[in-house]
Amino acid sequence: IPWEDEGYCPNDFQVVKWDHVCLELRRFALRVIERERSSEDAQDMTLPAMVLAFVGAVERNVLGLSVDHMRSTEVVDHIESWLKGTEDGVG
């Protein structure tokens, strides 16, 4: 059911799929790690670690991606999407 057709998504909101959220959060975590590594202060990796833990939980439990399904093209496509984004300078 398209969200817009049924009135479930008000105009102020945009529907975002979980796979896109996970990829963007991975890119965010990578930027935080790079920033912390370049900082002269102590490197605090708590934030990116927690973000990646959340992403892993969503990928496993919501998207159904796991090592058990490594033969599945879904897992490969998901990781390739993330890698493509980092190669393009997004991450």
Side-chain angles (χ1 to χ4, degrees):
I1 300 173
W3 290 70
E4 296 84 8
D5 293 347
E6 297 298 320
Y8 291 116
C9 188
N11 293 336
D12 297 16
F13 295 94
Q14 181 180 13
V15 175
V16 181
K17 295 182 179 183
W18 277 112
D19 61 337
H20 182 75
V21 170
C22 289
L23 294 174
E24 290 303 315
L25 284 173
R26 283 185 175 278
R27 290 179 184 120
F28 168 76
L30 182 58
R31 285 192 303 269
V32 172
I33 291 168
E34 289 170 347
R35 184 189 70 213
E36 288 296 324
R37 284 185 178 164
S38 66
S39 170
E40 293 181 12
D41 297 333
Q43 296 180 6
D44 183 7
M45 297 294 173
T46 306
L47 176 61
M50 296 302 291
V51 168
L52 292 173
F54 174 77
V55 168
V58 171
E59 289 172 343
R60 170 77 182 201
N61 299 310
V62 176
L63 299 178
L65 305 177
S66 71
V67 177
D68 300 337
H69 300 102
M70 282 305 289
R71 295 181 185 152
S72 169
T73 59
E74 292 175 354
V75 175
V76 174
D77 292 344
H78 183 71
I79 298 301
E80 283 180 346
S81 295
W82 179 73
L83 290 172
K84 182 181 182 320
T86 58
E87 289 170 0
D88 293 342
V90 176

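Taking every heavy atom of both residues into account, P48 and A29 meet most closely at CB-O, 3.9 Å.
Qualifying side-chain contact (heavy atoms from CB on, under 4.5 Å) partners for V58, counting only residues two or more places apart in sequence or in other chains: W18, C22, F54, V62. Applying the side-chain hydrogen bond (donor to acceptor under 3.5 Å, both in side chains) rule to S38 yields no partners; only residues at least two apart in sequence or on another chain are considered. Under the rule for a side-chain contact (heavy atoms from CB on, under 4.5 Å), the partners of M50 that lie at least two apart in sequence or sit in another chain are T46. Looking at residues two or more places apart in sequence or on another chain, you find a side-chain contact (heavy atoms from CB on, under 4.5 Å) between L47 and F28, V32, V51.
In the hydrophobic clustering (ILVMFWY side chains linked at under 4.5 Å, chained through shared members), M45 is joined by I33.
Not a single donor-acceptor pair under 3.5 Å links the side chain of S39 to the backbone N or O of R35.
Linking ILVMFWY side-chain heavy atoms closer than 4.5 Å, directly or via other members, places L23 and L52 in two distinct hydrophobic clusters.
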Stepwise, does the salt bridge (Lys or Arg N to Asp or Glu O under 4.0 Å) test hold for E24 with R27? CA-CA 5 Å; E24 290 303 315; R27 290 179 184 120; 2.7 Å; yes
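Here salt bridge (Lys or Arg N to Asp or Glu O under 4.0 Å) pairs that include residues 50-59, with residues two or more places apart or in two chains, are R26-E59.
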